[in-house]
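The first residue in the sequence is number 1, and the count goes up from there. Computed over heavy atoms, backbone and side chain alike; hydrogens, waters and symmetry mates excluded.
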Amino acid sequence: MITPATAVPYVAGALAVGGIAVALSRRRDYILRWCAWAVAVPVVVAALYAGRAGAAALAVAAGIGCALEYGGLLKLAVADRVALVAAVAAAPLVAWLAPAHLVKAVVAGVLAVVLVPLLAGDAAGGLRRASLGVSGVVWFLPLVGVVLLGDAVLAVFVAVSVGDIAASFGGRLLGGPALSPLSPAKRWSGALAGAAAGLGALAVLGAFTVPLALAVVVGAPLGDLLESMVKRGAGAKDSASWLAGAGGLLDRLDSLLFTLALALLIT
């Protein structure tokens, strides 16, 4: 299996191929997304190269970013956002420093987000606040997989990233039936193209196993649809707008979150 120490030529090759493809497409949104990945991928490889500490730092940063975007998307109160960020950031740290206590940390995080509206005595909106807080903890908890899955994380990250790009291209080129009413622009043809590309990436990286293959094939499209459901409920197109042409961090990590969750369950 590929490791962060041996990943550089593979990552450089994937970025080069992707760059050529998006340049030929002449689509501004694809080019901007590729630029975002060109910055993000080396950061991910460098963090994972630093070992479990780097993986934990990467997961904490990603969790904080996703939690903040989630809070803004759903217009959570400031106190709810603070509790959610604390709960999401604590989980990868505990997975790194004291994995035996991870379950306790998760339960504590859930209690924290529930206690905020409870102690505020919010009779009108407390149930909504508590439910959204718990949902956020559960949604972003799979980031502990960045610490717990070891070298497999890099292969999963690359496979999901390549699969997302292939799904977008494939759906536009091939058309066909919509994947779900949650996201009418996404096609079954794109999902199949993304699955094939993701499996190919796992094979090239020497990380093809049945559990990881299932996680990538099933988790990536479901993660995408889950975020689409949340955004539709919030009446928003993107989770944020700070990533040029790519929305927000959550828009880029939605597929990875569900894939990590399945990988943790079945590996």
Quick one: does any side-chain atom of [X] pair with a main-chain N or O of [Y] as donor and acceptor, under 3.5 Å?
X: Tyr70; Y: Leu132; answer: yes
X: Asp251; Y: Ser239; answer: yes
X: Thr259; Y: Ala220; answer: yes
X: Arg232; Y: Leu182; answer: yes

How about [X] and [Y]: do any of their side-chain heavy atoms sit closer than 4.5 Å?
X: Lys186; Y: Ser228; result: yes
X: Pro117; Y: Asp80; result: yes
X: Leu143; Y: Leu58; result: no
X: Cys66; Y: Leu253; result: yes

Quiz item: Can you list every pair that meets salt bridge (Lys or Arg N to Asp or Glu O under 4.0 Å) and has a residue in residues 48-60, with sequence neighbours left out?
Solution: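 As it turns out, there is no salt bridge (Lys or Arg N to Asp or Glu O under 4.0 Å) pair with a partner in residues 48-60 once direct neighbours are skipped.
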
If I compare all heavy atoms of [X] with all of [Y], which pair ends up nearest, and what's the gap?
X: Ala191; Y: Leu179; answer: CB-CD1, 4.2 Å
X: Ala83; Y: Val116; answer: CB-CG2, 3.7 Å
X: Arg129; Y: Ala77; answer: NH2-CB, 4.3 Å
X: Ala91; Y: Leu141; answer: CB-CD1, 3.9 Å
X: Leu84; Y: Gly136; answer: CD1-C, 3.8 Å
X: Val147; Y: Ala56; answer: CG2-CA, 3.6 Å

Same cluster or not: [X] versus [Y], using hydrophobic residues (I, L, V, M, F, W, Y) connected whenever any side-chain heavy atoms lie under 4.5 Å apart?
X: Leu202; Y: Val204; value: yes
X: Ile64; Y: Val137; value: no
X: Tyr49; Y: Leu148; value: no
X: Leu192; Y: Leu225; value: no
X: Leu76; Y: Met229; value: yes

Quiz item: Of Leu250, Val88, Val134, which is the lone residue that meets side-chain contact (heavy atoms from CB on, under 4.5 Å) with Trp139?
Solution: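 So the option named by the test is Leu250.
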
[atom2] on [Y] to [atom1] on [X], rounded to 0.5 Å:
X: Leu262; Y: Leu214; atom1: CG; atom2: CG; result: 8.5 Å
X: Leu226; Y: Leu257; atom1: CG; atom2: CG; result: 8.5 Å
X: Leu222; Y: Asp254; atom1: CG; atom2: CG; result: 11.0 Å
X: Leu205; Y: Leu154; atom1: CG; atom2: CG; result: 7.0 Å
X: Thr267; Y: Leu260; atom1: OG1; atom2: CG; result: 10.0 Å
X: Asp122; Y: Arg128; atom1: CG; atom2: CZ; result: 10.0 Å

Self-check item: Criterion side chain to side chain contact (heavy atoms under 4.5 Å, CB included) on Glu69 and Leu249, from CA distance to verdict
Solution: CA-CA 8 Å; Glu69 290 184 2; Leu249 182 64; 3.5 Å; yes

Self-check item: Working for side chain to side chain contact (heavy atoms under 4.5 Å, CB included), residues Leu118 and Leu115
Solution: CA-CA 5 Å; Leu118 180 64; Leu115 282 173; 3.8 Å; yes

Quiz item: Between Phe157 and Val41, is a side chain to side chain contact (heavy atoms under 4.5 Å, CB included) present by the stated rule, with each step listed?
Solution: CA-CA 9 Å; Phe157 174 78; Val41 171; 4.0 Å; yes

Quiz item: Checking side chain to side chain contact (heavy atoms under 4.5 Å, CB included) for the pair Val60/Leu93: CA distance, chi angles, key distance, verdict?
Solution: CA-CA 7 Å; Val60 168; Leu93 291 175; 3.8 Å; yes

Quiz prompt | Leu73: partners by side-chain contact (heavy atoms from CB on, under 4.5 Å), with sequence neighbours left out | solution =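 For Leu73, the residues satisfying side-chain contact (heavy atoms from CB on, under 4.5 Å) (neighbours in sequence not counted) are Val230, Lys231, Ala234, Ala236.
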
